[in-house]
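I have placed the structure first, in the form of structure tokens, so that the comments after it can refer back to it.
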Amino acid sequence: MARNITPKEENYSQWYLDVIKAAELADYAPVRGCMVIRPTGYAIWESIQSKLDFEFKKTGHVNAYFPLLIPNSFLQKEAEHVEGFAPECAMVTHAGGEELEEPFAVRPTSETVIGSMYAKWIQSWRDLPVLINQWCNVMRWEKRPRLFLRTSEFLWQEGHTAHASSKEAREETLRMLEVYRKIFEEELALPVIAGEKTAGERFPGAIDTYTCEAMMSDTKALQAGTSHFLGQNFAKAFDIQYQDKDGELQYCWTTSWGVSTRSIGALIMVHSDNDGLVLPPRIAPVKAVILPISKDESAAEHDIFPKAKELAENLNAELGGMFVKVDDNFHMRPGDRFFMHLQKGIPLRLELGEKDIASGTVRLVRRDTGAKIDVKTENVIPEVKNILDDIQKNLYKRAKNFREANTYDAKSYDELKEIIDSKGGFVRAYFAGTPEDEVRIREETGATPRCILPNTETGTCIITGKDNGRLTIFAKAY
RNA sequence: CGGGAUGUAGCGCAGUCUGGUUAGCGCACCUGCUUUGGGAGCAGGGGGUCGGAAGUUCGAAUCUUCUCGUCCCGACCA
């Protein structure tokens with residue numbers, strides 16, 4: 001049992017912070033609301049980045065970089081956008097020792113700057129579509145920060161595309177939602193519900209917002225990624241026009257989509273346990289660690305360590321990366337090292353000691369189940385691959401079972417209220433209400449509509465009683 | 001931003017009410033010896049000016065005022 005981690009049953013928030021601290025993922029920065037992402041945490045972000053970036057490239061996108069500072073007047077151009085972001089904008093009012101004529105906002109998102117550039121770049125239908133992504137930091141001043149989940153500055157990617165038709169832009173919006181769903185489910189082992197947001201939860205300035213919604217291990221919901229169909233709202237605000245084949249001037253149709261370091265928070269909260277972090281193998285920067293063990297410190301270092309190193313090299317060659325490390329902390333006793341790797345969430349531990357060498361085996365210990373398996377030396381490489389795959393599948397399955405076990409149906413508003421109040425979790429209910437209804441539901445139950453389930457029949461709305469209700473997930477959310 | 005709690009060594013805490021020698025303890029850290037397959041033992045050692053500022057006092061970790069951070073609950077918000 002970990003002695004530096006509060007059990008999640010006792011205090012979930014504290015558990016979350018303890019896991020982050022024990023795994024050395026992040027630390028508080030001197031600036032309120034900001035965090036330092038430590039090397040171990042940053043490696044996870046790099047891992048997520050590389051998976052996403054590969055998919056972006058595969059779907060025809062290119063990377064670029066736009067400025068951090070945004071003229072205040074830009075934000076003002078789209079009415080809903082400014083209303084949505086103004087309260088959380090940090091403004092730069094002075095520079096070069098003087099007060100600026102026009103303050104700059106530190107970007108909370110880049111629709112406006114990028115829109116202004118698209119207006120210059122796009123002339124003809126031949127220029128379309130424009131498919132650009134940027135990896136950057138953004139700032140949204142937060143009153144109640146939580147590491148990874150809600151910090152004033154965070155890292156993300158934001159894709160911004162411009163298209164000739166509504167149809168193409170809608171397709172793009174859904175294509176990227178699907179990219180996100182795939183990465184979350186297949187790489188991060190996070191089961192998500194990819195659906196549409198209700199009107200009250202939409203991105204400021206969007207026509208439609210789609211989300212990947214995940215359930216954390218306290219049954220609360222977390223939005224892990226979003227994709228927005230912006231219609232012609234930003235095109236009109238920034239005058240992004242092109243000449244079509246008939247020589248007519250047309251406004252573009254745009255989209256934007258993003259995933260942030262918040263996804264690391266989801267990763268932590270979905271898989272980890274009371275011993276600390278648990279990482280799915282496909283996203284773990286270190287997938288396995290080999291421990292040379294001996295009663296004799298110098299034998300471990302001089303006799304066993306070279307064997308362990310050789311095994312690591314063979315595994316890395318097979319796995320195609322520097323994914324397997326050898327623990328060379330010879331000054332630590334085995335017990336201490338077990339706990340260290342446990343808390344860092346390394347999916348698989350390989351123990352190589354004198355006993356193993358004598359019997360021609362290696363002991364494998366799974367992080368997800370704690371199961372110990374002795375494997376013949378010649379089978380280690382295929383076994384490690386198999387077990388890593390199995391851990392990946394098991395984590396996904398475990399999370400999905402948990403979500404399903406904590407998902408309920410409500411036939412009426414009273415029932416919704418009762419379930420949220422007594423059990424929590426996700427509640428499915430037909431809904432066709434207004435944003436005002438959403439506010440009322442939040443005030444009365446604490447839950448919000450997280451997303452509309454795709455491909456489902458309509459039913460009787462629990463608020464209006466009309467039969468055009470869409471099947472919607474309600475939950476308390478981060 | 002409102003309510004509650006809290007801030008003393010890297011971490012966790014005692015001391016504060018009833019001001020008074022060099023501010024303690026556990027873990028961690030350093031050195032040595034013994035240990036080593038699920039968080040070792042003994043011995044020796046280093047590290048803090050008590051979140052910050054101002055004030056009261058002969059004297060402040062301790063009292064007063066202000067301020068900052070953090071945590072929990074809420075409001076607001078992705």
Side-chain angles (χ1 to χ4, degrees), chain A residues 1-6 10-18 21-22 24 27-35 83-89 108-109 138-152 154 156 158 197 200-204 206 209 211-213 221-226 228 258-263 265-266 275-276 291-301 304 327 329-343 349-359 361-365 367 370 372 374 439 442-443 446 448 450-451 476-478:
Chain A
M1 191 55 154
R3 57 193 180 199
N4 54 347
I5 295 176
T6 306
E10 199 176 291
N11 182 342
Y12 196 82
S13 304
Q14 194 57 51
W15 165 81
Y16 174 73
L17 294 169
D18 289 347
K21 195 197 282 180
E24 299 180 345
D27 206 345
Y28 292 101
V31 180
R32 178 185 161 68
C34 293
M35 67 171 165
E83 195 189 324
F85 282 108
E88 41 191 304
C89 270
T109 177
V138 286
M139 181 156 275
R140 298 178 187 178
W141 211 251
E142 289 294 344
K143 297 187 172 160
R144 196 178 163 186
R146 302 195 65 187
L147 293 179
F148 291 114
L149 300 178
R150 189 184 277 105
T151 47
S152 291
F154 57 88
W156 76 346
E158 45 178 331
K197 281 287 188 193
E201 294 282 324
R202 240 173 242 150
F203 176 77
T209 286
T211 175
C212 285
E213 211 73 25
L222 184 129
Q223 173 181 306
T226 47
H228 313 291
V259 161
S260 74
T261 38
R262 173 184 266 192
S263 55
D275 285 328
L291 270 82
I293 296 174
S294 170
K295 283 191 198 296
D296 178 2
E297 201 175 291
S298 106
E301 185 168 355
I304 303 178
D327 182 336
N329 294 294
F330 300 110
H331 62 283
M332 290 173 78
R333 286 178 314 284
D336 294 316
R337 298 154 86 177
F338 294 161
F339 274 86
M340 182 177 78
H341 299 125
L342 213 57
Q343 299 196 330
R349 186 172 80 232
L350 280 67
E351 296 175 17
L352 189 61
E354 276 141 355
K355 293 177 196 170
D356 308 287
I357 289 170
S359 63
T361 60
V362 176
R363 168 161 290 189
L364 311 189
V365 186
R367 176 62 182 89
K372 296 175 180 167
D374 288 318
V439 171
R442 189 183 69 217
E443 283 169 355
T448 48
R450 302 317 305 157
C451 78
K476 291 187 181 176
Y478 278 100

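Hydrogens, waters and symmetry mates play no part in the numbers below; they use all other heavy atoms, side chains included. Just so we're on the same page: letters track the sequence lines, and every chain starts at 1.
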Discussion item. Tell me every residue that passes side-chain hydrogen bond (donor to acceptor under 3.5 Å, both in side chains) with A:Glu351, counting only those two or more places apart in sequence or in another chain.
Written reply: A:Arg349
Worksheet entry | Shortest side-chain distance from A:Asp336, nucleotide among B:G38, B:C77, B:G39 | B:G39
Worksheet item: Out of B:G38, B:C77, B:G37, which nucleotide sits closest to the side chain of A:Glu88?
Response: B:C77
Item to complete: For A:Phe203, answer base if it contacts any base atom (sugar-phosphate contacts may also be present), sugar-phosphate if it contacts only those atoms, and nothing otherwise; contact means non-hydrogen atoms under 4.0 Å.
Response: nothing
Discussion item. For the base of B:G39 and the side-chain ring of A:Phe339, does the geometry meet a stacking cutoff of under 5.5 Å between centres and under 30° between planes?
Written reply: yes
Within the sub-3.5 Å range, which N or O atoms of nucleotides 5-11 of chain B have a protein N or O partner, and how far apart are they?
none

Discussion item. The criterion is side-chain hydrogen bond (donor to acceptor under 3.5 Å, both in side chains); which residues satisfy it with A:Thr209, sequence neighbours excluded?
Written reply: A:His228
Worksheet item: Using a cut-off of 4.0 Å on non-hydrogen atoms, how would the nucleic acid contact of A:Pro204 be classed: base, sugar-phosphate, or nothing?
Response: sugar-phosphate
Item to complete: Could I get the full list of salt bridge (Lys or Arg N to Asp or Glu O under 4.0 Å) partners for A:Asp374, not counting sequence neighbours?
Response: A:Arg363
Discussion item. Check the orientation of A:Tyr12 and A:Trp15. Use parallel for under 30°, tilted for 30 to 60°, and perpendicular for over 60°.
Written reply: tilted
Item to complete: List for me each residue that meets side-chain hydrogen bond (donor to acceptor under 3.5 Å, both in side chains) alongside A:Ser13, sequence neighbours excluded, and say none if there are none.
Response: none
Worksheet item: Which part of the nucleic acid does A:Arg337 contact within heavy-atom distance under 4.0 Å: base, sugar-phosphate only, or nothing?
Response: nothing
Worksheet item: At under 4.0 Å between heavy atoms, what does A:Leu342 touch on the DNA or RNA strands: base, sugar-phosphate, or nothing?
Response: base
Worksheet item: Among all residues two or more places apart in sequence or in another chain, which pass the ring pair (Phe, Tyr, Trp, His ring centres under 6.0 Å) test with A:Tyr478?
Response: none
Worksheet item: salt bridge (Lys or Arg N to Asp or Glu O under 4.0 Å) with A:Arg146: which residues, sequence neighbours excluded?
Response: none
Discussion item. Need one value for A:Val439: base, sugar-phosphate or nothing, where a base atom within 4.0 Å counts as base even if backbone is also close, heavy atoms only.
Written reply: nothing
Worksheet item: Any N or O donor-acceptor pair linking the side chain of A:Arg349 to the base of B:G38 at under 3.5 Å?
Response: yes
Discussion item. Taking salt bridge (Lys or Arg N to Asp or Glu O under 4.0 Å) as the definition, give me every residue that meets it alongside A:Glu354, ordered by chain and number, with sequence neighbours left out.
Written reply: none
Practice prompt. Quick one, give me the B/S/- string for nucleotides 68-75 of chain B, reading 5' to 3', where B means a protein heavy atom under 4.0 Å from the base and S means that only happens at the primed atoms, P, OP1 or OP2.
Written response: -SSSSBBB
Worksheet item: Checking side-chain contact (heavy atoms from CB on, under 4.5 Å) for the pair A:Asp327/A:Met340: CA distance, chi angles, key distance, verdict?
Response: CA-CA 11 Å; A:Asp327 182 336; A:Met340 182 177 78; 4.0 Å; yes
